[in-house]
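Following: one structure in structure tokens, then a few remarks.
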Amino acid sequence: MNKNGFSFNTMIIIIYAVLAVMLGIRVFKGIKARKELKGEVKEFKKKASPFEYVLIIMLIVIGALNFISVSEGQKIYSYLVGIMMFVIALFFFLNLTMKIKIAENGILADGSFNTYKEIKKWGFDKDNGDLVMLTKVDHQEEQKVIKARLEDMVEINNLIRKYKLGK
């Protein structure tokens with residue numbers, strides 16, 4: 001610890017807390033945005049890689065180890081790191097299991113809702129089925145990559161064409 005009372009451990013806790021807040025905001029925005037879906041809504045599972053599940057397990061194990069291997073001088077720090085790991089793992093898991101929702105008025109994916117008016121272009125990565133969209137919101141263009149499953153590619157494309165283009 002330096003003379004100002006700020007230590008490396010404090011910085012680590014702040015980084016973990018910011019990461020947990022960012023993941024939490026994404027999850028809560030997705031839950032809140034469900035209210036914007038109108039009409040018939042079709043849900044699709046997102047594609048998740050084995051690495052993402054391994055990462056969640058690693059976060060849980062690291063969190064548990066911080067609770068188990070507590071030294072007397074680092075008790076509060078170890079507990080805080082353990083709690084942060086569990087919270088990050090929970091929000092990461094919730095974000096991973098959120099479904100892609102295609103409604104008559106727009107698409108909800110990865111915690112954000114876009115109307116068909118905001119979607120300027122869309123397409124699919126034919127190798128892995130990811131939906132790639134170019135959106136324009138408040139004069140800012142953004143490219144979004146949504147991890148869709150390869151087997152849902154045709155149905156998702158047909159729904160977007162139906163609701164955006166009326167075809």
Side-chain angles (χ1 to χ4, degrees), residues 12-64 81-167:
I12 295 295
I13 292 294
I14 291 170
I15 291 170
Y16 289 154
V18 168
L19 182 60
V21 167
M22 286 173 48
L23 287 169
I25 287 171
R26 191 174 193 175
V27 168
F28 289 117
K29 276 178 62 179
I31 292 169
K32 186 180 172 189
R34 288 181 188 169
K35 297 175 188 170
E36 296 184 45
L37 298 171
K38 303 285 188 244
E40 182 182 340
V41 178
K42 182 83 173 166
E43 295 183 349
F44 299 91
K45 288 183 180 180
K46 289 195 309 188
K47 179 179 58 183
S49 69
F51 174 75
E52 291 169 314
Y53 288 111
V54 168
L55 180 61
I56 291 170
I57 291 168
M58 286 174 50
L59 288 167
I60 292 170
V61 168
I62 291 169
V81 170
I83 290 168
M84 287 288 118
M85 290 294 126
F86 289 137
V87 169
I88 291 169
L90 173 68
F91 284 144
F92 190 69
F93 177 76
L94 289 174
N95 190 40
L96 194 64
T97 58
M98 291 178 93
K99 294 182 177 177
I100 301 165
K101 298 179 188 302
I102 299 183
E104 294 176 14
N105 65 330
I107 298 174
L108 172 62
D110 292 337
S112 66
F113 176 76
N114 290 104
T115 65
Y116 292 112
K117 189 176 184 179
E118 296 169 340
I119 299 170
K120 299 304 173 192
K121 293 181 184 177
W122 77 94
F124 289 88
D125 181 336
K126 295 196 186 314
D127 294 332
N128 55 23
D130 291 349
L131 171 61
V132 181
M133 296 189 313
L134 179 65
T135 62
K136 187 171 184 177
V137 179
D138 298 328
H139 306 293
Q140 270 193 294
E141 286 189 353
E142 180 182 2
Q143 182 173 324
K144 295 182 178 188
V145 178
I146 301 166
K147 295 201 156 287
R149 297 183 314 170
L150 194 58
E151 58 267 23
D152 295 330
M153 187 171 63
V154 172
E155 188 175 359
I156 290 172
N157 189 49
N158 288 341
L159 286 170
I160 294 171
R161 286 177 54 82
K162 174 182 170 184
Y163 294 134
K164 179 164 177 64
L165 304 175
K167 293 183 178 184

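This one's a predicted model, so the numbers in the text were calculated from it and none came from an experiment.
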Side-chain touch [X]/[Y], heavy atoms, less than 4.5 angstrom:
{"X": "E52", "Y": "F92", "value": "yes"}
{"X": "V87", "Y": "Y16", "value": "no"}
{"X": "N158", "Y": "K162", "value": "no"}
{"X": "E40", "Y": "Y163", "value": "yes"}
{"X": "L159", "Y": "F44", "value": "yes"}
{"X": "F86", "Y": "I60", "value": "yes"}
{"X": "W122", "Y": "N157", "value": "yes"}

Euclidean distance, [Y] [atom2] relative to [X] [atom1], rounded to 0.5 Å:
{"X": "F93", "Y": "L55", "atom1": "CZ", "atom2": "CG", "value": "13.0 Å"}
{"X": "L59", "Y": "L90", "atom1": "CG", "atom2": "CG", "value": "11.0 Å"}
{"X": "I12", "Y": "M84", "atom1": "CD1", "atom2": "CE", "value": "13.0 Å"}
{"X": "I119", "Y": "I107", "atom1": "CD1", "atom2": "CD1", "value": "3.5 Å"}
{"X": "I31", "Y": "L108", "atom1": "CD1", "atom2": "CG", "value": "10.5 Å"}
{"X": "K164", "Y": "T115", "atom1": "NZ", "atom2": "OG1", "value": "8.0 Å"}

Taking every non-hydrogen atom, the tightest pair across [X] and [Y]:
{"X": "V27", "Y": "N95", "answer": "CG2-N, 3.9 Å"}
{"X": "V41", "Y": "K101", "answer": "CG1-CB, 4.0 Å"}
{"X": "Y116", "Y": "G106", "answer": "CE1-N, 3.1 Å"}
{"X": "L131", "Y": "A148", "answer": "N-CB, 4.3 Å"}

Would you confirm whether [X], through its side chain, and [Y], through its main-chain N or O, come within 3.5 Å as a donor-acceptor pair?
{"X": "T135", "Y": "E142", "result": "yes"}
{"X": "K120", "Y": "K117", "result": "yes"}
{"X": "D125", "Y": "V132", "result": "no"}
{"X": "N128", "Y": "D130", "result": "yes"}

Q | Parallel, tilted or perpendicular: ring planes of F91 versus F28, cut at 30 and 60 degrees | A | perpendicular

**Q.** Partner of S112 under side chain to side chain donor-acceptor pair (under 3.5 Å), chosen from R26, K144, K29
**A.**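 That would be K144; it is the only one of R26, K144, K29 passing the side chain to side chain donor-acceptor pair (under 3.5 Å) with S112.
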
Q | SB check D152 K47 (cutoff 4.0 Å) | A | no

(Q) Between K46 and D110, does any NZ, NE, NH1 or NH2 come within less than 4.0 Å of an OD or OE carboxylate oxygen? (A) yes

Q | K32 atom NZ: more than 12 heavy-atom contacts under 6.0 Å | A |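 For K32, atom NZ is not crowded (no more than 12 foreign heavy atoms under 6.0 Å).
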
